[in-house]
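Have a look at the structure below before the remarks.
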Amino acid sequence: LIHLVVQRSNGIIYVSDYIFNLSKKYFSANKKKSFVSPIGYNPKYFFKNPKCNTNKTILFVGRIDPKKGIYKYFSVLSTISNYLNENNYTAKIIGRIDDPLFFDTLNKYKVKYNVEYLGEKNRTELGDYFNSAILTIVPSFYEAFGLVAVESLACGTPVACYPVGGFSGYIRDNYNGIFLDQNDDYKSGEKIINYLQNEELMKKCSQNSPVSVEKYSIIYTHEKNLEF
């Protein structure tokens, strides 16, 4: 059915090159009838705000669901908990809860690993939280595009994620973020510590972050949509 829809459509909009390439591979998508238009971020809310002070916060933003990697977030942080505690880092979680078992896990981690759940936040608040964080971890196992990562980068906060899905379209390892190891939480933890201990790398990634996603601002994505 999907193959039939792809072949007979007059035009199809894809949210990332990654999704278009999948469609091309499995459903013979025609490039002439295809248009890649990422989900843009709103620069009114997500921008590098010089009024916000960066603190030692490692952030998770997203739906609280196993598919979004929330338990990977806990697992990776637990491998480096001694370092984080000794250096006064705080882990903060923002998002809608879709998994009723979340609080059971949170209660196990929140005191020992200094983890705090902040609930849901509006876009203005999210922009402030991104700006004040030193790193955003987006441990999704799959993302067609990954708007949370783009919003974090727009605020100058580098992203740690797995090299999967749409992330590869705009995140470069040690340029505006770091790639973690999906199969080894300890290696992921080591990568995070190495990043946090390298002030030059953190500064470089933070400076590169907003520039790397400028083209995903709705100012540009909406213009492209009108041209299609």
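Note that the structure is predicted; figures quoted are calculated from it, not measured.
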Item to check | Trace of the side chain to side chain contact (heavy atoms under 4.5 Å, CB included) decision for L196 with M202 | outcome: CA-CA 7 Å; L196 295 176; M202 286 195 295; 4.2 Å; yes
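- With hydrogens and angles left out, the side-chain atoms of Y41 and S217 include no donor and acceptor closer than 3.5 Å.
- Qualifying ring pair (Phe, Tyr, Trp, His ring centres under 6.0 Å) partners for Y186, counting only residues two or more places apart in sequence or in other chains: none.
- Counting only residues at least two apart or in different chains, salt bridge (Lys or Arg N to Asp or Glu O under 4.0 Å) contacts with residues 159-173 comprise D173-K191.
- Partners of L101 according to the side chain to side chain contact (heavy atoms under 4.5 Å, CB included) rule, which considers only residues two or more places apart in sequence or in another chain, are Y71, D99, D104.
- Note that CD1 of I13 and OG of S34 are 10.5 Å apart. Values are rounded to the nearest 0.5 Å.
- Here F47 pairs with nothing under the ring pair (Phe, Tyr, Trp, His ring centres under 6.0 Å) rule; sequence neighbours left out.
- Ring centroid separation for the pair F60 and Y73 comes in under the 6.0 Å cut-off.
- The cationic group of K215 does not satisfy the cation-pi geometry with Y220, failing either the under 6.0 Å distance to the six-membered ring centre or the 45° limit from the ring axis.
- Legend: residues meeting side chain to side chain contact (heavy atoms under 4.5 Å, CB included) with S209, ordered by chain and number and at least two apart, are L153, P158, N176.
- In F103, the CZ atom is crowded: over 12 heavy atoms of neighbouring residues, nucleotides or ligands sit closer than 6.0 Å.
- Taking the six-membered ring wherever Trp is involved, the centroid distance between the rings of Y18 and F167 does not fall below 6.0 Å.
- For Y170 and Y175, the ring centers sit 6.0 Å or farther from each other.
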Next on the checklist: Apply side chain to side chain contact (heavy atoms under 4.5 Å, CB included) to residues R96 and I64 and explain how you reach the verdict.
Outcome noted: CA-CA 6 Å; R96 185 187 77 231; I64 309 302; 6.0 Å; no
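- Shown here are the ring pair (Phe, Tyr, Trp, His ring centres under 6.0 Å) partners of Y162, two or more places apart in sequence or in another chain: there are none.
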Checklist entry - Where do F74 and Y109 land on the ring pair (Phe, Tyr, Trp, His ring centres under 6.0 Å) test, with the steps shown first? => result CA-CA 8 Å; F74 283 127; Y109 283 88; 4.8 Å; yes
